[in-house]
Amino acid sequence: TNTKWVLFLASDAPDPEDRHVRDLLFGIHCLESSGINPADIYIYIDGQNMGMINQWISTGTNNQYNVLTVNDFFASSAQNTYENMVLFVTGHGSMNGISSPQPITPFMLLQCIKSTPNLKQAVVYLGQCYAGTFNYIGAGRGQTYHGTKGPDVIFIGATNLHESLSSSTTEALLAGNASWIANLFLLHVFKWFFNPIDVDGDGQLTIMDSYKYAGVSSNSMNKTIKIQSFVNSIGLHAQWTTAKSAHSAAPSPQTQLVLDAVQAQYVTELTINYTHQECWILNAIPAQSISI
């Protein structure tokens with residue numbers, strides 16, 4: 001109760017990627033379907049073409065939302081009236097934090113949440129690459145972070161100091177089935193809110209349950225993806241060796257083109273197979289008692 005639900009997509013490009021918007025579309029569907037009041041759902045997406053972004057959002061809901069920018073999220077925090085906030089972050093990340101024209105650093109986001117009036121607790125799900133840059137910071141209520149105590153803040157990351165993994169999925173939305181390259185961890189976070197499960201068996205549906213469910217589910221999918229990627233890479237290695245030999249024996253624009261194409265596929269499969277993803281949680285004790 002008395003919770004602000006935030007869907008958050010920053011972008012350092014003129015407009016966000018379609019797949020990241022679809023991550024949030026699925027989130028809207030799951031939150032609305034679970035009975036959350038649309039008036040308590042707020043959407044912040046960076047982009048120059050806000051008309052197109054609003055049109056994308058309208059395809060996944062019958063409710064009208066005023067999509068604002070990420071800057072509006074920070075600017076409006078001082079007017080907060082909610083006691084709780086749940087924030088879902090998709091998009092890209094780097095060592096500098098969440099990718100944006102001005103990267104959103106861990107300090108910047110935590111300081112904003114800590115200084116938000118009336119807020120007692122916040123939960124932040126981070127789906128972007130290198131989400132672990134937001135780990136190991138003073139998120140607890142009793143911890144003073146650069147002079148500010150503020151609420152308990154729970155950070156939950158899809159991955160630590162690695163890239164996060166996405167994969168093709170098909171899910172049922174309001175207008176029918178939709179397919180996109182989904183952020184796997186956020187996909188299962190949203191699925192938990194759609195149909196929450198008491199993972200630890202304590203008789204409560206808590207934020208800790210959402211973390212465990214999303215972690216197990218996304219890692220199970222990751223294993224399947226990596227197995228298939230390994231199989232694919234074996235075949236591509238043979239193709240790459242053949243293309244490389246052909247180009248070395250008789251270099252030409254055509255043989256270079258073939259080599260580049262095979263090599264790009266090969267590197268993609270190797271990247272998937274060697275990208276490690278393990279979710280994490282910061283400030284776990286309150287996450288065990290915050291229930292929905």
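Quick caveat: nothing in here was measured; it's all calculated off a predicted structure.
Looking at W5 and N37, their side chains never bring a donor and an acceptor atom within 3.5 Å of each other. Side-chain contact of S77 with N80: a donor-acceptor pair under 3.5 Å is absent, judged by distance alone. Under 3.5 Å, the side chains of E278 and H162 contain no donor-acceptor pair of N or O atoms. Looking only at atom types and distance, the side chain of T169 has a donor-acceptor partner in the side chain of E171 under 3.5 Å away.
D15 places a side-chain N or O within 3.5 Å of a backbone atom of Q48 that can act as its donor or acceptor partner. Side-chain atoms of S58 come within 3.5 Å of backbone atoms of Q55 as a donor-acceptor pair (strictly under, hydrogens ignored). The backbone N or O of G127 lies less than 3.5 Å from a partner atom in the side chain of N183, making a donor-acceptor pair. Remark: the backbone N or O of D200 is paired with a side-chain donor or acceptor of D209 at under 3.5 angstrom.
Residues meeting the ring-ring contact (aromatic ring centres under 6.0 Å, His included) test with Y130, sequence neighbours left out: none. The ring-ring contact (aromatic ring centres under 6.0 Å, His included) check on Y266 picks up H237, W240, with sequence neighbours excluded. The ring-ring contact (aromatic ring centres under 6.0 Å, His included) check on H247 picks up nothing, with sequence neighbours excluded.
Atom CD of Q102 has 12 or fewer heavy atoms from other residues, nucleotides or ligands within 6.0 Å.
Figure legend: cation-pi geometry between K4 and Y42, with NZ or CZ positioned under 6.0 Å from the six-membered ring centre and within 45° of its axis.
Screening V70, L68, T90, L9 for a side-chain contact (heavy atoms from CB on, under 4.5 Å) with I45, the sole residue that qualifies is L9.
Using a 4.5 Å cut-off between side-chain heavy atoms of Ile, Leu, Val, Met, Phe, Trp and Tyr, with links allowed through other members, V262 and L257 fall into different hydrophobic clusters.
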